[in-house]
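In what follows, a single structure is set out as structure tokens and then discussed.
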Amino acid sequence: MRLFEGMKNENGVLSIGGVKLTDLYNKYKQALYVYDEQLLEDTCKLFTENFKSSNFETEILYASKAFSCLEIYRLISKFNLGTDAVSQGEMFTAKQAGFDMKKVYFHGNNKTYEELAAALDYGVSNIIIDNDYEYHFINDLAKEREVQVNILLRINTGIDAHTHEYIKTSKDDSKFGYSVYDEKIYDLIYDMSNQSNLNFLGFHSHIGSQIFEEESFFEATKTVFNFSKKVQEKVKIDIKVLNLGGGFGVYYTKNDKPMELVSFLNRYIKVIEDERNTSGLNIEKIIIEPGRSLICNAGSTLYEIGGTKKTYAGREYIFVDGGMGDNPRYALYKAEYECCIVNKINKENIREYTIAGKYCESGDIIIKNVNLPQAERGDLLLVTSTGAYNHSMASNYNKMRKLGVVFLKDGKDRLVVKADTLEDLIKNDI
Ligand code: LLP
């Protein structure tokens with residue numbers, strides 16, 4: 001298993017941020033999401049320090065769908081990051097955390113009138129428009145309230161990066177955004193840019209998630225610049241802001257070969273500078289929206305092993321006090337993870353196990369076929385790289401309680417999200 005920045009072998013026991021995970025489990029006595037706060041902070045800094053240019057302003061928005069809670073908005077604001085919010089719930093959480101709502105960009109492909117009204121109530125002034133009906137909603141609201149709202153239009157560049165090769169096509173059928181190949185887009189932009197209460201600033205593009213080929217990002221950037229140039233010529237408006245999205249791939253297992261972030265961001269900036277120069281466009285600000293790459297490796301899940309079971313067919317299971325409710329990504333995507341037995345890290349990996357949870361479903365698996373030391377009831381298991389899209393995608397299936405979240409730093413643990421109580425499970429029931 002790969003040890004990330006703050007992970008240490010302390011005489012055969014794993015620690016994160018100076019906290020021995022055996023002590024941590026003894027304190028909370030239940031499975032937990034644990035975050036290395038220092039690594040998280042260092043990654044925020046890495047983005048702000050490496051994604052900058054002397055030619056234009058840059059802004060890093062943390063895509064908070066990866067992990068959203070009060071403390072994360074407080075933490076990212078220390079590093080002057082903005083955030084991408086996709087729901088009223090994410091905006092509300094940011095607001096409650098005291099986040100600067102001018103740094104929130106409201107996304108989504110089906111924003112309701114009520115959600116857009118709530119965004120304005122919260123002081124959100126940047127809206128990413130996905131389609132024409134929400135454009136009309138926000139235009140009506142801005143007029144009614146006599147306020148100015150900044151808007152970006154989400155465009156679809158047709159670059160499909162999910163397939164590990166990028167292809168350009170005008171026949172992209174993703175539900176997000178407005179195709180740059182659809183001629184109607186120019187009328188929409190003309191219309192949007194002529195509304196007295198809307199400041200049409202430019203475009204947003206996001207090509208997908210967990211992408212390893214930097215060329216896909218560069219190609220998308222070129223397409224966005226070419227399109228912007230075409231718009232500027234056809235519609236005669238200035239494009240000032242481009243949001244190029246997130247999607248930078250991360251390490252989960254040895255099979256993943258992510259881009260080295262610092263050098264990638266430096267090359268990315270260079271490509272953007274070149275495109276800006278050759279296009280002649282006076283783009284004032286470039287935004288990116290990392291989610292996973294900002295937080296995934298800082299988070300892990302700590303479980304207790306309840307026991308092992310060898311099936312008649314020969315598969316040997318380790319059962320943990322969690323499962324698909326706290327990490328649905330194997331069930332959903334066949335996602336792969338690494339893990340270790342926290343209190344046996346000096347021992348040899350001599351047995352092949354499958355890690356299963358306690359949910360009433362055969363698909364309740366966290367990792368299939370992983371080599372570990374002999375496991376026993378009471379051992380602790382750490383699954384790494386669960387910092388993104390685990391807590392935020394967790395469920396109460398089987399009326400299981402969602403896990404708490406603890407931040408670890410300088411030898412101290414800090415509970416930032418409490419685990420569900422039994423009462424929480426019925427609090428909305430009548
Ligand atoms: N911006 C937009 C508009 C997005 O839709 C997303 C992710 C991001 C930024 C952040 O992408 P990231 O940097 O995290 O790759 N549930 C899936 C991931 C869904 C991602 C959705 N959009 C998973 O567990 O892998």
Side-chain angles (χ1 to χ4, degrees), residues 33 40 43-44 46-47 51 59-68 72 76 81-87 90-91 104-111 126-131 134 152-157 159-162 172 174-178 202-214 216-217 220-221 224 241-253 255-256 258-259 261 264-265 268 286-299 301 324-337 366 383 385-395:
Y33 296 108
L40 197 43
T43 316
C44 289
L46 183 156
F47 272 102
F51 193 75
E59 188 172 15
I60 314 292
L61 307 183
Y62 163 60
S64 60
K65 71 205 81 178
F67 171 54
S68 171
I72 197 68
I76 59 165
L81 265 60
T83 193
D84 139 2
V86 287
S87 67
E90 286 181 357
M91 288 188 287
V104 174
Y105 287 68
F106 185 27
H107 273 275
N109 69 299
N110 186 20
K111 304 175 194 75
N126 293 296
I127 311 284
I128 317 260
I129 301 288
D130 182 88
N131 51 62
E134 54 182 49
L152 295 178
L153 176 65
R154 179 160 182 173
I155 53 172
N156 186 339
T157 55
I159 289 175
D160 179 359
H162 283 289
D172 198 338
S174 156
K175 72 170 180 168
F176 295 109
Y178 220 96
F203 302 108
H204 169 274
S205 153
H206 170 79
I207 55 170
S209 200
Q210 187 63 351
I211 296 167
F212 295 124
E213 304 83 14
E214 63 178 24
S216 303
F217 296 105
T221 301
V224 172
V241 178
L242 295 178
N243 179 334
L244 301 173
F248 319 132
V250 306
Y251 180 99
Y252 285 93
T253 72
N255 297 334
D256 300 318
M259 305 161 301
L261 264 184
F264 162 66
L265 290 173
Y268 201 10
I286 298 283
I287 302 172
I288 52 169
E289 296 171 334
R292 196 189 312 264
S293 54
L294 198 136
I295 201 160
C296 188
N297 294 147
T301 315
M324 66 188 295
D326 57 78
N327 184 355
R329 296 190 70 259
Y330 179 83
L332 277 173
Y333 316 116
K334 294 272 173 292
E336 294 181 346
Y337 287 92
I366 304 287
V383 178
S385 301
T386 61
Y389 305 111
N390 270 228
H391 176 270
S392 61
M393 290 172 66
S395 79

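Read the numbers this way: they start at 1 and go in the same order the structure lists the ligands and their atoms.
- Scanning all protein heavy atoms for the shortest distance to atom 8 (C) of ligand 1 gives H206 CE1, 3.4 Å.
- Distance check, rounded to the nearest 0.5 Å: OH of Y62 to CD of E289 gives 12.5 Å.
- The single protein non-hydrogen atom nearest to atom 21 (C) of ligand 1 is K65 CD, 4.0 Å, given as residue, atom name and distance.
- Residue G247 places a heavy atom less than 4.0 Å from ligand 1.
- For ligand 1, the atoms sitting less than 4.0 Å from at least one non-hydrogen atom of M393 are 16 (N), 24 (O), numbered in the order shown with element in parentheses.
- You'll find the ring centres of Y33 and F67 outside the 6.0 Å limit.
- Residue R154 has at least one heavy-atom neighbour below 4.0 Å for each of these atoms of ligand 1: 3 (C).
- The protein atom (non-hydrogen) at minimum distance from atom 20 (C) of ligand 1 is Y389 OH, 3.6 Å.
- On a distance-only criterion, A63 and ligand 1 share no N/O pair closer than 3.5 Å.
- Atoms CD1 and CG, on I155 and N243 in that order, are 10.0 Å from each other to the nearest 0.5 Å.
- Between Y105 and E59 the shortest side-chain heavy-atom distance falls below 4.5 Å.
- Taking the six-membered ring for Trp and the full ring otherwise, H107 and H204 have centroids separated by under 6.0 Å.
- Residue-ligand proximity, D84 to ligand 1, at heavy-atom distances under 4.0 Å covers atoms 1 (N), 2 (C), 9 (C).
- For atom 24 (O) of ligand 1, the closest non-hydrogen atom on the protein side is R329 NE, 2.6 Å.
- Considering only heavy atoms from C-beta on, R154 stays 4.5 Å or farther from N156 through its side chain.
- Residue contacts with ligand 1, taken as heavy atom pairs separated by less than 4.0 Å, involve E289 via backbone and side-chain atoms alike.
- Residue L332 does not touch ligand 1, judged by heavy-atom distances below 4.0 Å.
- Listed by number with element, the atoms of ligand 1 under 4.0 angstrom from any heavy atom of G291 are 12 (P), 13 (O), 14 (O).
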Verify side chain to side chain contact (heavy atoms under 4.5 Å, CB included) between L81 and F47, making sure each step is shown before the conclusion. CA-CA 9 Å; L81 265 60; F47 272 102; 5.8 Å; no

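- The backbone and the side chain of S209 each have at least one atom closer than 4.0 Å to an atom of ligand 1 (non-hydrogen atoms only).
- Here the heavy atom of the protein found nearest to atom 18 (C) of ligand 1 is R292 NH2, 3.6 Å.
- Atoms CD1 and OG, on I207 and S216 in that order, are 5.0 Å from each other to the nearest 0.5 Å.
- Atom CE of M91 sits about 11.5 Å away from atom OG of S68, to the nearest 0.5 Å.
- The distance from ligand 1 to the heavy atoms of H204 drops below 4.0 Å at these ligand atoms: 3 (C).
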Check step by step if side chain to side chain contact (heavy atoms under 4.5 Å, CB included) holds for N297 and T43.
CA-CA 10 Å; N297 294 147; T43 316; over 6 Å; no

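- The single protein non-hydrogen atom nearest to atom 16 (N) of ligand 1 is Y333 OH, 2.9 Å, given as residue, atom name and distance.
- For F248 and F217, the gap between ring centers is short of 6.0 Å.
- Considering backbone and side-chain N/O atoms, P290 never comes within less than 3.5 Å of an N/O atom of ligand 1.
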